[in-house]
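Since the model is a prediction, treat every value here as computed from it, not as a measurement.
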Amino acid sequence: MVKSSKMAKKKILFINQEITPYVPDNALSLMGKDLPKVMQERSHEIRTFTPKWGNINERRGQLHEVIRLSGMNLIINDTDHPLIIKVASIQSARVQVYFIDNDDYFGKRLIERDEAGVEYEDNGERAIFFARGVLETVKKLRWVPDIIHCQGWMSSVVPFYVKTAYRDEPSFAETKVVTSLFSKTLKDEFAGDFKQFVEFRDAKAELLGDYKEQFDFDELNKLAIDYSDGVIQADPDVEKSLIDFAAAKNVPVLGYNEDFADAYETFYESLFPAENE
């Protein structure tokens with residue numbers, strides 16, 4: 001039986017790097033399924049997005065393209081990249097999932113590394129495409145989230161865009177952004193000039209002056225922390241330096257909770273102090 005919620009009903013957008021059963025089980029993919037499921041059961045209205053990784057079996061997962069949402073081109077590194085949107089449902093969780101697809105970045109490629117175990121040099125570009133793809137699709141859905149919850153490094157560009165390039169968009173003007181931190185999975189720096197690639201509207205490269213010239217896993221997470229309204233330690237093995245970074249920036253931090261549902265919901269509620277007075 002689902003515990004009744006005292007929190008006012010919210011619209012929550014979950015942007016997940018991985019979701020089981022579409023990819024193998026791990027802390028990130030399990031949370032990618034379980035968190036939206038729990039919040040939906042507690043009467044919150046949700047939308048869930050993830051990349052359409054090359055190891056996702058479209059036939060088994062019953063994915064199909066949403067023509068009305070597809071067809072946009074996103075320019076990254078002076079190159080047009082078609083945005084394809086697919087959808088499927090996790091029957092056991094009764095959760096609908098939107099997939100961001102593109103042949104160059106996702107369609108025929110694995111998650112973080114190729115078949116030989118080598119990290120993709122354009123992982124930074126892939127994160128940029130994913131972030132913009134999700135936000136543009138949410139605009140097309142004409143759905144206004146109260147909370148955006150980002151899980152995994154692939155979603156780490158989203159907070160930066162929400163607070164800069166999309167801050168005047170009606171869909172996101174009042175949205176609170178939460179970032180969940182997980183254990184480190186990338187070791188290499190991103191190839192190319194990430195700071196230039198990420199530029200879009202008011203998301204200017206000069207805003208990234210305090211970060212290292214070459215972005216990597218840690219810098220990407222620091223970027224997410226800087227532009228989030230709250231941070232959650234979602235894994236017991238999160239690097240302490242990232243938690244300390246958030247604390248130093250006075251960003252509210254929720255520590256690791258194995259029984260996450262109540263703790264996360266209370267944390268969400270704390271982001272709306274005026275409603276709690």
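Of all heavy-atom pairs between Asp229 and Lys176, the closest is OD2-CA, 3.3 Å. Of all heavy-atom pairs spanning Val138 and Pro145, the tightest one is CG1-CD, 4.2 Å. Looking at every heavy atom in both residues, Lys37 comes nearest to Val95 through CA-CG2, 3.8 Å. Taking every heavy atom of both residues into account, Thr164 and Ala203 meet most closely at OG1-CB, 3.4 Å. Between Val238 and Ser183, the closest heavy-atom pair is CG2-N, 4.2 Å. Residues Ile15 and Val134 approach most closely at CD1-CG1, 3.7 Å, considering heavy atoms.
Environment of NZ in Lys212: sparse, with no more than 12 heavy atoms of neighbouring residues, nucleotides or ligands closer than 6.0 Å. No more than 12 heavy-atom neighbours from other residues, nucleotides or ligands sit within 6.0 angstrom of CD on Glu213. Heavy-atom neighbours of Asp259 CG from other residues, nucleotides or ligands within 6.0 Å: at or below the threshold of 12. More than 12 heavy atoms of other shown residues, nucleotides or ligands fall within 6.0 angstrom of atom CD in Gln96.
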Derivation and outcome, side-chain contact (heavy atoms from CB on, under 4.5 Å), residues Trp53 and Met154: CA-CA 12 Å; Trp53 304 111; Met154 179 58 69; 3.3 Å; yes

Let me see the working for Asn77 and Glu125 under side-chain contact (heavy atoms from CB on, under 4.5 Å), right down to the final yes or no. CA-CA 8 Å; Asn77 193 13; Glu125 285 187 52; 3.7 Å; yes

Check the pair Gln151 / Leu28 against side-chain contact (heavy atoms from CB on, under 4.5 Å), numbers first and verdict last. CA-CA 7 Å; Gln151 301 198 95; Leu28 185 50; 4.1 Å; yes

Under the criterion side chain to side chain donor-acceptor pair (under 3.5 Å), I'd like the reasoning laid out for Tyr264 against Glu269: C-alpha separation, chi angles, the key distance, then a yes or no. CA-CA 9 Å; Tyr264 281 28; Glu269 191 171 20; over 6 Å; no

After noting the C-alpha distance and the side-chain angles of Phe106 and Phe129, does the key distance pass the side-chain contact (heavy atoms from CB on, under 4.5 Å) rule? CA-CA 10 Å; Phe106 302 119; Phe129 180 87; 3.7 Å; yes

Checking salt bridge (charged side-chain N to carboxylate O under 4.0 Å, His left out) for the pair Asp114/Arg109: CA distance, chi angles, key distance, verdict? CA-CA 7 Å; Asp114 63 20; Arg109 302 165 67 188; over 6 Å; no

Please report the C-alpha distance between His44 and Tyr268 in whole Å, then the side-chain angles of each, then the deciding distance to 0.1 Å, and finally whether the ring pair (Phe, Tyr, Trp, His ring centres under 6.0 Å) criterion is met. CA-CA 12 Å; His44 302 295; Tyr268 291 157; 7.3 Å; no

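The shortest side-chain heavy-atom distance between Pro159 and Thr179 falls under the 4.5 Å cut-off. With a 4.5 Å cut-off on side-chain heavy atoms, Tyr161 and Val158 do not count as touching. Contact check for Phe194 versus Gln214: no side-chain heavy atoms found under the 4.5 Å cut-off. Inter-residue side-chain proximity for Ile67 and Glu65 is flagged as met; some heavy-atom pair is nearer than 4.5 Å. Side-chain contact between Leu110 and Glu115 is present, with at least one heavy-atom pair separated by less than 4.5 Å. At a threshold of 4.5 Å between non-hydrogen side-chain atoms, the residues Ile90 and Lys33 count as touching. Residues Glu265 and Arg42 meet the side-chain proximity criterion, which asks for heavy atoms closer than 4.5 Å. The closest side-chain heavy-atom distance from Asp216 to Asp188 is not below 4.5 Å.
Counted by atom type alone, Glu18 and Thr50 present zero donor-acceptor pairs between their side chains at under 3.5 Å. For Asn57 and Tyr22, the side-chain atoms include no donor-acceptor pair closer than 3.5 Å. In the model, Thr20 has no side-chain atom that pairs as donor or acceptor with a side-chain atom of Ser29 under 3.5 Å.
Aromatic pair Phe160/Tyr227: centroids less than 6.0 angstrom apart.
Using modelled atom types, one side-chain atom of Gln40 and one backbone atom of Arg94 make a donor-acceptor pair closer than 3.5 Å. With hydrogens and angles disregarded, a donor-acceptor distance shorter than 3.5 Å links the side chain of Arg126 to the backbone of Tyr105. Checked by atom type and distance alone, the side chain of Lys195 pairs as donor or acceptor with a backbone atom of Tyr211 at under 3.5 Å. Looking at Glu119, its side chain does come within 3.5 Å of a backbone N or O of Lys187 through a donor-acceptor pair. Under a 3.5 Å cut-off, the side chain of Glu199 and the backbone N or O of Lys204 do not form any donor-acceptor pair. Side chain of Glu169 to main chain of Ser171: no donor-acceptor pair is present (N/O by atom type, distance under 3.5 Å, no hydrogens or angles). No donor-acceptor pair closer than 3.5 Å links the side chain of Asp103 to the backbone N or O of Gly107. Judged purely by atom type and a 3.5 angstrom limit, Asn102 uses its side chain to pair as donor or acceptor with the backbone of Pro82. With Asn123 contributing its side chain and Tyr120 its backbone, the two residues share a donor-acceptor pair below 3.5 Å. A donor-acceptor pair under 3.5 Å is formed between the side chain of Gln17 and the backbone N or O of Trp153.
In this structure, CG on Leu141 lies 6.0 Å from CZ on Arg68, to the nearest 0.5 angstrom. Once rounded to the nearest 0.5 Å, the distance linking CD of Gln196 with CG of Asp78 reads 10.0 Å. Rounding to the nearest 0.5 angstrom, the gap separating the CG atom in Asn16 from the OH atom in Tyr98 is 14.5 Å. Between atom CD1 of residue Ile46 and atom CG of residue Leu13 there is a gap of 10.0 Å, rounded to the nearest 0.5 Å. The OG atom of Ser70 sits 7.5 Å away from atom NZ of Lys140, with the distance rounded to the nearest 0.5 Å. How far CZ of Phe14 is from CD1 of Ile147: 8.0 Å, rounded to the nearest 0.5 Å.
Note on Tyr256: it does not cluster hydrophobically with Val38, by side-chain heavy-atom contacts below 4.5 Å among ILVMFWY residues. Residues Phe260 and Ile232 fall within the same hydrophobic cluster, defined by Ile, Leu, Val, Met, Phe, Trp and Tyr side chains chained together at heavy-atom separations under 4.5 Å. There is a path of hydrophobic side-chain contacts, each under 4.5 Å, that joins Trp143 to Ile148. Residues Phe200 and Leu207 are members of one and the same hydrophobic cluster, defined by side-chain heavy-atom contacts under 4.5 angstrom among Ile, Leu, Val, Met, Phe, Trp and Tyr. Ile111 and Ile19 fall within a single hydrophobic cluster, where Ile, Leu, Val, Met, Phe, Trp and Tyr are joined by side-chain heavy atoms under 4.5 Å apart, directly or via other members.
Of the charged side-chain nitrogens involved, at least one lies within less than 4.0 Å of a carboxylate oxygen, so that Asp202 and Arg167 count as a salt-bridged pair. With respect to the salt-bridge test (charged N to carboxylate O, under 4.0 angstrom), the residues Arg47 and Glu45 qualify. Between Lys86 and Asp101 a salt bridge is recorded (basic side-chain N to carboxylate O distance below 4.0 Å).
For the side-chain contact (heavy atoms from CB on, under 4.5 Å) with Phe190, the qualifying choice from Leu220, Asp122, Ile128 is Leu220, the only one to do so.
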